[in-house]
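Working notes, beginning with the structure itself.
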Amino acid sequence: MYNPAEANSVREQAVAREVYRSRGIRLEQIAISGSSEVLQAVQILAGRDIQAVWAPGDNTVIQGYEGAVKGAQDARLPLFTNACVTLSRGGLACLGVGMKYSSLAAGKLAAGVLRGDNPKNVPLEEVVVEEIGISRSNAERLGIAIPSEYSQKIRP
């Protein structure tokens, strides 16, 4: 599910389509326009014989994340997200950019400017730190065994 009014979401869906296609994974998509539509979107997707639900880093989906959690739980489907900050609200696992680390890097650059560094001399750099999390309780609820190589990524 995604909101086509969000350029970031449209781009994310385009990339996801190509990645999934290259891996032989069928991606079912449904457009939503508001966060109140997330639960219904998951219910519709569940009716399409999907094997998992993906909640992308779409602002609308994140706002309605509890609807995705409820819909996935009701359908007994694993819920994955790339917004790891939402994993504490439900879902099985996340894989995405660790916003905490990006924020710390941005804070260090801002601190330099506040200490007198000339902003035009601050180097632009992309800070992308991968974050992975797996919910033990949700894995147990779904009867999913977590492979040992991910033991360091398990959260309560």
Side-chain angles (χ1 to χ4, degrees), residues 1-108 125-156:
M1 69 210 114
Y2 72 104
N3 185 343
E6 292 184 37
N8 60 307
S9 189
V10 171
R11 174 72 177 135
E12 183 176 37
Q13 292 296 311
V15 170
R17 270 192 304 276
E18 292 306 312
V19 169
Y20 289 164
R21 184 176 299 127
S22 72
R23 295 184 178 172
I25 299 170
R26 177 177 52 105
L27 175 62
E28 288 286 336
Q29 297 171 296
I30 188 166
I32 61 172
S33 60
S35 59
S36 64
E37 298 173 10
V38 172
L39 171 59
Q40 184 179 17
V42 173
Q43 291 168 334
I44 291 168
L45 290 168
R48 294 182 183 173
D49 194 33
I50 61 173
Q51 295 177 336
V53 177
W54 170 44
D58 176 297
N59 295 308
T60 305
V61 174
I62 292 170
Q63 288 175 351
Y65 189 74
E66 283 70 15
V69 171
K70 178 171 179 15
Q73 285 176 347
D74 290 350
R76 301 227 7 100
L77 291 168
L79 172 63
F80 298 92
T81 181
N82 51 321
C84 289
V85 297
T86 61
L87 191 59
S88 63
R89 293 161 54 191
L92 174 62
C94 66
L95 170 61
V97 175
M99 300 309 285
K100 172 183 174 185
Y101 307 105
S102 299
S103 299
L104 289 171
K108 288 178 182 178
E125 56 186 78
E126 187 172 331
V127 179
V128 178
V129 177
E130 184 179 83
E131 184 176 4
I132 299 173
I134 302 169
S135 169
R136 178 190 324 276
S137 60
N138 289 326
E140 289 171 355
R141 188 175 303 123
L142 290 165
I144 295 174
I146 301 170
S148 60
E149 64 262 27
Y150 295 104
S151 62
Q152 298 296 321
K153 308 300 182 188
I154 297 174
R155 301 177 184 182

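Between Ala83 and Ile62, the shortest heavy-atom distance links the atoms CB-CD1, 3.8 Å. The shortest non-hydrogen separation linking Tyr65 to Ala55 is CE1-CB, 3.8 Å. The two residues Val38 and Ala68 make their nearest non-hydrogen contact at CG1-N, 3.4 Å. The shortest non-hydrogen separation linking Glu6 to Thr60 is OE2-OG1, 2.7 Å. Scanning all heavy atoms of the two residues, the minimum distance from Val69 to Gly91 falls at CG2-N, 4.2 Å. Taking every heavy atom of both residues into account, Cys84 and Gly96 meet most closely at SG-N, 4.0 Å.
Put simply, CD1 on Ile44 and CD on Glu28 are 11.5 Å apart, with the number rounded to the nearest 0.5 Å. The CD atom of Gln73 sits 11.0 Å away from atom CG of Leu92, with the distance rounded to the nearest 0.5 Å. Here the straight-line distance linking atom CD of Glu66 with atom OG1 of Thr86 works out to 9.0 Å at 0.5 Å rounding. To the nearest 0.5 Å, atoms CG (Asp58) and CD1 (Ile32) are separated by 6.0 Å. In this structure, CD on Gln29 lies 9.5 Å from CZ on Arg48, to the nearest 0.5 angstrom. Within the model, atoms OG1 of Thr81 and CG of Leu95 stand 10.0 Å from one another, a figure rounded to the nearest 0.5 Å.
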| query | Where do Trp54 and Leu27 land on the side-chain contact (heavy atoms from CB on, under 4.5 Å) test, with the steps shown first? | reply | CA-CA 9 Å; Trp54 170 44; Leu27 175 62; 4.3 Å; yes

| query | Val61 and Asn3: side-chain contact (heavy atoms from CB on, under 4.5 Å), yes or no, with the steps? | reply | CA-CA 8 Å; Val61 174; Asn3 185 343; over 6 Å; no

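Considering only heavy atoms from C-beta on, Pro56 comes within 4.5 Å of Asn82 through its side chain. Met1 is listed as a side-chain neighbour of Val53, based on a closest heavy-atom distance under 4.5 Å. Looking at heavy atoms from C-beta onward, Leu87 lies out of side-chain contact with Phe80 at the 4.5 angstrom threshold.
Within a 6.0 Å radius of CZ in Arg26, more than 12 heavy atoms belonging to other residues, nucleotides or ligands are found.
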N/O donor-acceptor pairs under 3.5 Å from side chains in residues 141-156, not counting sequence neighbours:
unit_1, atom_1, unit_2, atom_2, d
Arg141, NH1, Asn138, OD1, 2.3
Ser151, OG, Ser148, O, 3.1
Arg155, NH2, Glu131, OE2, 2.9

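A donor-acceptor contact shorter than 3.5 Å is absent between the side chain of Gln43 and the backbone of Gly71. Proximity of a side-chain donor or acceptor of Gln13 to a complementary backbone N or O of Tyr2 within less than 3.5 Å is not detected.
Residues meeting the side chain to side chain donor-acceptor pair (under 3.5 Å) test with Ser33, sequence neighbours left out: Glu37.
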